Amino acid sequence: MMAYDLYPKIDIKGGIDLYIGYDEILQSIDNEIKRRKANVITIECYPGTFEKEIMDNLITRLKPDLIIHSDEFFLTSEEITAKIQYHLTDDRVFGVMSNHSFYDFIDREKFDKIVEKINKNKDKRIIIYGVGASLVTPSDLLLYTNLARWEIQLRFREKLICNWKADNWEEETLRKVKRAYYFEWRIADKLKNSLFDKIDFMLDVNKEHQPKMISGHHYQIALSQVVKRPFRLVPYFDSGVWGGNWMQEKFNVAKDKINLAWCFDCVPEENSIYLGINGTKFEIPASDVVYQHPVSLLGEKVYGRYGTSFPIRFDYLDTMDGDNLSLQVHPKVEYAQETFGLHYTQDESYYIMEAEEDAVVYLGVKKGIRKQDLVDALKKAQEEGKRFPDEDFIYRKKVKKHDHYSIPAGTIHCSGKNSVVLEISSTPNRFTFKLWDWERVDLDGKPRPIHLNHGEKNIDISRDEDWIEREASNQIVKIAEGDGWIEEKTGLHIREPIETRRHWFSTEVIHETHGSVNVLTLIEGEEIIVTSIDGSFEPFVIHYGETFIVPESIKRYKISPHGPSTGRTVGTIKAFIR
């Protein structure tokens, strides 16, 4: 069986010049400085960049007459933190989305002095660097250090970085990620989007001391190629207190870890893309593709509704030989909008990839349960440290492989032990209100955050076992069939914006994008091949368990069993926005 590809890359065609390592990068930049007779060089850094590494290996070797760091013209850490306290809140996990820009945090007096200093020295070589460096003055040469969010989170965990303008090296990772998610990533992406067509050189600084660089023009060429073909994101895996071992064995990954709880295989806000350039992987945030080519990727109607937010998320939850997830609920849309500044909420579903005989999902409540009784029991368990009697309140349902359960926001749920769930959901991915966590602590030894204050306001008590069976469990309807194939609608609930279609096929199947970006996973069989109807993209091979994206602009495409699956029946699940 072909292995799940842990390092998928998108091969970029054309004469793309790639510079690897500081020596090559330095030579290329120096040549460009001389060619342009450039004096003012700006290095805009995404928050989380190892700026000392840039200073030691690039800036000092360019021998500037004047070096300016962006911190010199911003407010102090204390002033900025005070200014964004409404967005940070006192909660460990949840904040409010910031609508700021970097301009809101400039110290005008300091800024004007910096501009004056630059104007007085314009005949000399000046380098301005750091987060927000590009705000100062139009530069003769603009470099951008690009960084993926997952790498930033790993750096937070290892205490290799702190947040932008925050001396919080020792703060717990949850709070660092919260500040990044609600505040600094928002304003950093806003600035990046304004600079895309001005960037002269884009640097991949995801690996310490292993920089790579291409020109801004070639970067735009590469992004435009991505949305003309199906592609995969770079998956990342993480351990958790309830994690299992199915992915470790099935995908041959991270066998040295205690377990794997999650695989994030399609969350463009968080995942990277590997651009294959001259045989080398150039890592970029997947969100750059969404920002630069939203209509080609998402489709007109999806872009009109969601903007540059990629609205579909696929990830794995592995509890095989593990434990239950926390009992949880997601915010209803009006609560998400009013409380967190979200445009839409985290509706989701569980597609069961594997299940042992004792596997269950906890979904909704039992018949006749009063909401106040449920909330009182949850509060008592939390306050007194006693066991919550879930069997008295929560509907528990046995599951089997290829079941599909819809979980619209407001529905109490969690996956039980000894199963593997492909979670298909809307993208907001940090809005889980834990109601109870089975009397355990997290891998770091700290209690996992419980959010009954939010949770009780969002529990829909009408989602009882009758409702679950009638509206959320295996709502599978045959849509069409032909010689060697069947298409089924498997969800999601009418309250959810995503529709899912499952295909069983032993021969070629033609797919429509339905006016939306498509996200698919091979859920049964070893291998398939995705081909173009009009020859516009090269055949694309997918292995069991891999998730891939089909841009809406492709419109129609074909999928067939391939390799060891030729002549056999295989299955895919596809999601798109209705």
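Side chains are part of it too, since the values below use all heavy atoms of this structure and drop only hydrogens, waters and symmetry mates. We're numbering straight along the sequence, starting at 1. These numbers were taken from a predicted model, which means no experiment stands behind them.
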Open item on the list: Exactly one of Tyr7, Trp262, Phe264, Phe251 should register a ring pair (Phe, Tyr, Trp, His ring centres under 6.0 Å) with Tyr236. Which one does?
Closed with: Phe264

I'd like to check the ring pair (Phe, Tyr, Trp, His ring centres under 6.0 Å) partners of [X]; sequence neighbours left out, ordered by chain and number.
{"X": "Phe102", "result": "Trp164"}
{"X": "Tyr306", "result": "Tyr344"}
{"X": "Phe111", "result": "Phe73"}
{"X": "Phe183", "result": "Phe105"}

Side chains of [X] and [Y] in contact at under 4.5 Å (non-hydrogen atoms):
{"X": "Phe237", "Y": "Leu6", "answer": "yes"}
{"X": "Tyr303", "Y": "Thr308", "answer": "yes"}
{"X": "Phe431", "Y": "Leu342", "answer": "yes"}
{"X": "Val136", "Y": "Val115", "answer": "yes"}
{"X": "Ser272", "Y": "Trp150", "answer": "no"}

Under 3.5 Å: donor-acceptor pair, side chain of [X], backbone of [Y]:
{"X": "Arg125", "Y": "Leu62", "answer": "yes"}
{"X": "Gln248", "Y": "Ala254", "answer": "yes"}
{"X": "Thr60", "Y": "Met55", "answer": "yes"}
{"X": "Glu423", "Y": "Leu317", "answer": "no"}
{"X": "Ser194", "Y": "Leu191", "answer": "yes"}
{"X": "Thr521", "Y": "Ile573", "answer": "no"}
{"X": "Asp30", "Y": "Leu26", "answer": "no"}
{"X": "Glu24", "Y": "Gly21", "answer": "no"}
{"X": "Asn57", "Y": "Tyr22", "answer": "no"}
{"X": "Gln225", "Y": "Ile10", "answer": "no"}

Tell me whether the count of non-hydrogen atoms from other residues, nucleotides or ligands lying under 6.0 Å of [atom1] in [X] goes above 12.
{"X": "Lys190", "atom1": "NZ", "answer": "yes"}
{"X": "His69", "atom1": "NE2", "answer": "yes"}
{"X": "Ile258", "atom1": "CD1", "answer": "no"}
{"X": "Glu172", "atom1": "CD", "answer": "yes"}
{"X": "Lys255", "atom1": "NZ", "answer": "yes"}

Open item on the list: Checking Val517 against Ile577 for the side-chain contact (heavy atoms from CB on, under 4.5 Å) test, could you report, in this order, the C-alpha distance in whole Å, the side-chain angles of both residues, the deciding distance, and whether it holds?
Closed with: CA-CA 7 Å; Val517 64; Ile577 299 298; 5.5 Å; no

Task: Working for side-chain hydrogen bond (donor to acceptor under 3.5 Å, both in side chains), residues Gln27 and Asn31 - done: CA-CA 6 Å; Gln27 185 62 55; Asn31 289 341; 3.0 Å; yes

Under the side-chain hydrogen bond (donor to acceptor under 3.5 Å, both in side chains) test, which residues partner [X], sequence neighbours left out?
{"X": "Asp189", "answer": "Tyr46, Arg149, Tyr291"}
{"X": "Ser516", "answer": "none"}
{"X": "Thr145", "answer": "Thr49"}

Task: Carboxylate-amine/guanidinium proximity below 4.0 Å for Glu171 and Lys176 - done: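 No.
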
- [ ] For the pair Glu283 and Lys207, find out whether any cationic side-chain nitrogen is under 4.0 Å from an anionic carboxylate oxygen.
- [x] yes

Could you tell me the separation between the [atom1] atom of [X] and the [atom2] atom of [Y], rounded to the nearest 0.5 Å?
{"X": "Asn206", "Y": "Asn146", "atom1": "CG", "atom2": "CG", "result": "7.5 Å"}
{"X": "Phe74", "Y": "Ile106", "atom1": "CZ", "atom2": "CD1", "result": "5.5 Å"}
{"X": "Ile152", "Y": "Leu160", "atom1": "CD1", "atom2": "CG", "result": "12.5 Å"}
{"X": "Leu141", "Y": "Ile199", "atom1": "CG", "atom2": "CD1", "result": "11.5 Å"}

- [ ] Using the salt bridge (charged side-chain N to carboxylate O under 4.0 Å, His left out) rule, take Arg157 and Asp238 through it: C-alpha gap first, then chi angles, then the decisive distance, then the call.
- [x] CA-CA 12 Å; Arg157 288 185 189 179; Asp238 206 10; 2.4 Å; yes

TODO: Could you walk me through whether Lys13 and Glu538 pass the salt bridge (charged side-chain N to carboxylate O under 4.0 Å, His left out) test, one step at a time?
DONE: CA-CA 12 Å; Lys13 300 183 182 301; Glu538 294 181 357; 2.8 Å; yes

- [ ] State which residues pass side-chain contact (heavy atoms from CB on, under 4.5 Å) with Ala166; sequence neighbours excluded, sorted by chain then number.
- [x] Asn163, Asn168, Arg179

Kindly list each side-chain donor-acceptor pair under 3.5 angstrom involving residues 503-512, sequence neighbours excluded, with atom names and distances?
| residue | atom | partner | partner atom | Å |
| --- | --- | --- | --- | --- |
| Trp504 | NE1 | Glu488 | OE1 | 3.2 |
| His511 | ND1 | Lys574 | NZ | 3.1 |
| Glu512 | OE2 | Arg556 | NE | 3.0 |

Open item on the list: Does the plane of the ring in Trp246 sit parallel, tilted or perpendicular to the ring in Tyr316? Use 30° and 60° as the thresholds.
Closed with: tilted

Task: Aromatic plane relationship, Tyr181 with Trp185 - under 30° parallel, 30 to 60° tilted, over 60° perpendicular - done: perpendicular

Open item on the list: Set out, in order, the CA-CA distance, both residues' side-chain angles and the distance that settles salt bridge (charged side-chain N to carboxylate O under 4.0 Å, His left out) for Lys52 and Glu208, then state yes or no.
Closed with: CA-CA 11 Å; Lys52 186 178 185 303; Glu208 191 172 4; over 6 Å; no

Contacts of [X] that satisfy salt bridge (charged side-chain N to carboxylate O under 4.0 Å, His left out) - sequence neighbours left out:
{"X": "Glu151", "answer": "Arg155"}
{"X": "Lys63", "answer": "none"}
{"X": "Asp65", "answer": "none"}

TODO: Taking the six-membered ring of Phe540 (Phe, Tyr or Trp), confirm whether the NZ or CZ of Arg229 is under 6.0 Å from its centre and within 45° of its axis.
DONE: yes

Open item on the list: As a quick check of understanding, evaluate salt bridge (charged side-chain N to carboxylate O under 4.0 Å, His left out) for Asp288 and Lys192, giving each step before the final call.
Closed with: CA-CA 9 Å; Asp288 283 6; Lys192 186 202 288 189; 2.7 Å; yes

Task: Passing candidate, side-chain hydrogen bond (donor to acceptor under 3.5 Å, both in side chains) with Tyr557, options Asp534, Asn518, Thr531 - done: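 Exactly one pass, corresponding to Asn518.
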
